[in-house]
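Accompanying notes for the structure given below.
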Amino acid sequence: MKITLKDGSVKEYDGAKTVYEIALDISEGLARAACAGEINGAVADLRTVISDDCSLNIITANDEEGLKVIRHTASHVLAEAVKRLFPDAKVTIGPAIEDGFYYDFDHEPFSREDLDRLEEEMKKIVKEGHAITRFTLPRNEAIALMEEKGEPYKVELIRDLPEDAEISFYDQGGFVDLCAGPHLMSTKGVKAFKLISSSMAYWRGDSDKARLQRIYGTAYSKKEDLKAHLERLEDAKRRDHNKLGREMGLFTTVDVIGQGLPLFTPKGTKMIMKLQRWIEDLEDKEWGYVRTRTPLMAKSDLYKMSGHWDHYKDGMFVLGDEEKDREVFALRPMTCPFQYYVFKNSQKSYRDLPYRMGETSTLFRCEDSGEMHGLTRVRQFTISEGHLIVRPDQMVEEFKGCLALAKHCLTTLGLQDEVTYHLSKWDPDNSEKYIGAPEVWNETEEHIRRVLTELEIPFTEDVGEAAFYGPKVDINARNVYGKEDTMITVQWDALLAEQFDMYYIDANGDKVRPYIIHRTSLGCYERTLAWLIEKYAGKFPTWLCPEQVRVLPISDKYADYAEEVRKQLAANDIDVTVDNRSEKIGFKIREARLDKLPYMLVVGQQEAEDGTVSVRSRFAGDEGVKPLGEFIDAICKEIRTKEIREEQQMEESK
């Protein structure tokens, strides 16, 4: 048997060997570090027996797959600790995930004190150093074993496995868990771990099934790596928009109003308005859009025509009862069918196209309560929605234009380097979820693929992520915790014009079906605000700040001059306030820094006499004394150009 190693060298053996035995033969150090093997490119457990010629790579904690094995083993150590401290808890599943692991239990909610106790118990299990062994059982014996242990969720998982599936278990010192692996050879390999949090989860992600308690944790091979990760988590907590946005007084939520229905304060509202006015002016004045205003609801007939009633009804808020023979309405989850009727309101010729419609659309989605989070997942939200009705020969260039507009918006906000592009495709194995023929889907997906390639935009392809009526480009970003959300979408639609009998008159006087582009230029304003809060840790570019300047009189004697300064700034459309409190100037400056303001203008006797202001900023600290007119000219230019100035690192407590 010949084993070709990663460096190209070849090991020869007379008989079968496990991956671990081969690692041990190479060196004891490698065997100690080994987490798994990679046989002919496929990840395999260290206990896997090799009996034929193959290529083999020994995976360690330096590899991403090696960290997954450590974390998967840590999840089993957690499960054993839970069973020791809470014997009545029922175990379910515990996979490794990006940056850590989780395990779901049927149990009462876990407190932080419970997690601390579980951590200590996990340390004991690791110190005991139980060997982890793997064994398999026939289906009936596997079910009997889990029934004997009183683990109904494991029984359900076994029953759902294919008839020919190999049913494997891992035993670590008497704690046995159903698992496909791979795992470390011993619990001693779990050296650095931390339980992060716990939350509610549904069995198999189905809200109609049992409520479970999910414990999140992370694990590394080195304590230094764990420490660095925990420091990143602390920074993420500081930047978390759901925490920071509330602390800054930008938004709040109220139980009696409901989950996913945020209330924006004057500060948060001002930021949303600035974004909205910018996008509307940009689309209408520079990109050739016409603006529409359409209803927030419609009869079910409209959604039946578009296909949303059949394909998206569960995600809609429905008003009325069809069974009681009443007129049924639904709050709109999208604007497209409404704008189609704006297009159809008057006959269009080929000369009228492209017809670009933009709308600041408030939409409603019946999201599951477990999915709600701050501003990133809400039930009512507003987006920069648009639909372009185009001739087929215009489709490619208009699609490129939509991507260019999205890129411009991202660049202006300083977010262009934080996104990834995805070609979201249909799933031909689940064709019942979509409308249209396979050849239409294949053709439109290829068009998008060529556009992205031509524009030299790196992208991945995601099967099953398309809308039911067309493929799309999703522009995604990750929040501070690493969760990915779609921020902007540009979608190719060659189907719905037929369903809505949309047409234009071509040069020959014939009726022709147009194509449609569904797109957002910025996306959801709520989600974008959350993104900006986390990106800038609340220190926004000046043009976006709800308060751009605060005037700080040294004492009450200079309140009149401070008010004069405020009036001149306000006359130039600068958002300004005056801090007239009877506090020392040092205290006022510290307060302004904590409020993350771009500029503070300190005024006293000399400034009042000379018509100047003493400028302090987030960007350069003490910028010195400047004539008021000079400061106004500079900040107006900064706001007009939407400049993103570099921040100076300052201690806020000073």
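Numbering of residues begins at 1 and proceeds along the displayed sequence.
- Other residues, nucleotides and ligands contribute more than 12 heavy atoms inside 6.0 Å of the NZ atom of Lys344.
- Taking each heavy atom of Ser521 and Leu405 in turn, the nearest pair found is CB-CD2, 3.6 Å.
- Considering only heavy atoms from C-beta on, Gln548 stays 4.5 Å or farther from Val576 through its side chain.
- A 4.5 Å side-chain heavy-atom check between Ser361 and Thr382 finds every atom pair outside the cut-off.
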Determine, step by step, whether Ile639 and Cys636 satisfy the side-chain contact (heavy atoms from CB on, under 4.5 Å) criterion, reporting the C-alpha distance in whole Å, the side-chain angles of both residues, the deciding distance to 0.1 Å, and the verdict. CA-CA 5 Å; Ile639 292 169; Cys636 284; 5.8 Å; no

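- Counting heavy atoms from C-beta outward, Trp492 and His447 have side chains that approach closer than 4.5 Å.
- A heavy-atom distance below 4.5 Å is found between the side chains of Ile97 and Tyr102.
- One finds no salt bridge joining Glu534 and Arg239 here, because no Lys/Arg side-chain nitrogen approaches an Asp/Glu carboxylate oxygen to under 4.0 Å.
- Listed here is the closest heavy atom pair of Thr362 and Leu296: O-CD2, 3.7 Å.
- Panel note: side chain Ser300, backbone Phe329; no donor-acceptor pair is recorded below 3.5 Å.
- Among pairs with a residue in residues 235-286, those fulfilling ring-ring contact (aromatic ring centres under 6.0 Å, His included) read His241-His373, Trp278-Trp543, at least two apart in sequence or across chains.
- Side-chain contact of Asp493 with Tyr515: a donor-acceptor pair under 3.5 Å is absent, judged by distance alone.
- Annotation: ring pair (Phe, Tyr, Trp, His ring centres under 6.0 Å) contacts of His387 (sequence neighbours excluded): His518.
- Taking the ring axis of Phe540 as reference, the NZ or CZ atom of Lys596 does not stay both within 45° of it and closer than 6.0 Å to the ring centre.
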Go through the steps to decide whether Thr460 and Leu423 satisfy the test side-chain contact (heavy atoms from CB on, under 4.5 Å), and finish with yes or no. CA-CA 6 Å; Thr460 59; Leu423 168 50; over 6 Å; no

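- Each of Glu445, His422, Lys425 was checked for a side chain to side chain contact (heavy atoms under 4.5 Å, CB included) with Glu461, and the lone residue meeting it is Lys425.
- The backbone N or O of Gly249 lies less than 3.5 Å from a partner atom in the side chain of Thr265, making a donor-acceptor pair.
- Residues satisfying the salt bridge (Lys or Arg N to Asp or Glu O under 4.0 Å) test with Asp427, not counting sequence neighbours, are none.
- With hydrogens and angles disregarded, no donor-acceptor distance shorter than 3.5 Å links the side chain of Ser424 to the backbone of Asp474.
- Looking at Lys511 and Asp506, no side-chain N of the basic residue comes within less than 4.0 Å of a carboxylate O on the acidic one, giving no salt bridge.
- Within the structure, salt bridge (charged side-chain N to carboxylate O under 4.0 Å, His left out) contacts touching residues 515-525 (residues at least two apart or in different chains) are Glu283-Arg519.
- Counting only distance, with no hydrogens or angles, the side chain of Arg71 and the backbone of Phe101 share no donor-acceptor pair below 3.5 Å.
- A perpendicular orientation is assigned to the rings of Tyr434 and Trp426, their planes being inclined by more than 60° (bins at 30° and 60°).
- Using a 4.0 Å cut-off between charged nitrogen and carboxylate oxygen, Arg277 and Glu280 do not count as a salt-bridge pair.
- Contact detail for Gly470 and Gln491: the closest heavy-atom pair is O-NE2, 3.4 Å.
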Could you walk me through whether Val473 and Phe459 pass side-chain contact (heavy atoms from CB on, under 4.5 Å), step by step? CA-CA 9 Å; Val473 174; Phe459 66 97; over 6 Å; no

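- By the 4.5 Å heavy-atom criterion applied to side chains, Trp531 and Val419 are counted as neighbours.
- For the pair Gln380 (side chain) and Leu261 (backbone), a donor-acceptor distance under 3.5 Å is absent.
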Please walk me through it: do Lys267 and Thr269 pass side-chain hydrogen bond (donor to acceptor under 3.5 Å, both in side chains)? CA-CA 5 Å; Lys267 286 184 179 180; Thr269 301; over 6 Å; no

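- Distance alone, capped at 3.5 Å, places no donor-acceptor pair between the Arg527 side chain and the Leu375 backbone.
- Residues Asp240 and Tyr481 bring a donor and an acceptor atom of their side chains to less than 3.5 Å of each other.
- By the neighbour-count criterion of 12 heavy atoms within 6.0 Å, atom CD of Glu64 is sparsely surrounded, having that number or fewer from other residues, nucleotides or ligands.
- Of all non-hydrogen atoms in Ile389 and Leu353, the two that sit nearest each other are O-CD2, 3.6 Å.
- A distance-only check finds no donor-acceptor pair linking the side chain of Asp160 to the backbone of Leu157 [under 3.5 Å].
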Please evaluate residues Lys304 and Lys313 with respect to the criterion side-chain contact (heavy atoms from CB on, under 4.5 Å), reporting the C-alpha separation (whole Å), side-chain torsions for both, the decisive distance (0.1 Å), and the verdict. CA-CA 10 Å; Lys304 290 173 182 176; Lys313 184 179 177 183; over 6 Å; no

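- In this structure, the side chains of Leu522 and Tyr525 come closer than 4.5 Å at one or more pairs of heavy atoms.
- For Tyr340, the ring pair (Phe, Tyr, Trp, His ring centres under 6.0 Å) criterion is met by Phe500, not counting sequence neighbours.
- Without hydrogens or angle criteria, Asn442 side chain to Pro438 main chain gives a donor-acceptor distance under 3.5 Å.
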Apply side-chain hydrogen bond (donor to acceptor under 3.5 Å, both in side chains) to the pair Tyr504 and Asp352, showing each step before the final yes or no. CA-CA 9 Å; Tyr504 64 93; Asp352 297 316; over 6 Å; no

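- Screening residues 242-259 for salt bridge (charged side-chain N to carboxylate O under 4.0 Å, His left out) gives Lys243-Glu247 as the qualifying pairs, with residues at least two apart or on separate chains.
- We find that Asp575 and Lys274 are joined by a salt bridge, their nearest charged nitrogen and carboxylate oxygen being less than 4.0 Å apart.
- The shortest side-chain heavy-atom distance between Asn476 and Asp485 does not fall under the 4.5 Å cut-off.
- In terms of modelled atom types and a separation under 3.5 Å, the side chain of Glu484 and the main chain of Arg478 share no donor-acceptor contact.
- With hydrogens and angles left out, the side-chain atoms of Ser207 and Lys209 include no donor and acceptor closer than 3.5 Å.
- Side-chain atoms of Thr542 and Glu638 form a donor-acceptor pair, as typed in the model, at a separation below 3.5 Å.
- The only option from Arg291, Arg332, Arg293 that meets the salt bridge (Lys or Arg N to Asp or Glu O under 4.0 Å) definition with Glu359 turns out to be Arg332.
- Using a 4.0 Å cut-off between charged nitrogen and carboxylate oxygen, Arg204 and Glu156 count as a salt-bridge pair.
- At most 12 heavy atoms of other shown residues, nucleotides or ligands fall within 6.0 angstrom of atom CZ in Arg211.
- Glu367 and Val378 get closest at one heavy-atom pair: CG-O, 3.7 Å.
- The closest side-chain heavy-atom distance from Ile383 to Glu526 is not below 4.5 Å.
- Remark: the Gln259 side chain and the Thr253 side chain contain no N/O donor-acceptor pair separated by less than 3.5 Å.
- Between the side chains of Thr520 and Thr489, no donor-acceptor pair is found at a separation under 3.5 Å.
- With hydrogens and angles disregarded, no donor-acceptor distance shorter than 3.5 Å links the side chain of Glu398 to the backbone of Met395.
- Summarising the geometry of Cys336 relative to His308, their closest heavy-atom pair is SG-CE1, 4.2 Å, with the distance given to 0.1 Å.
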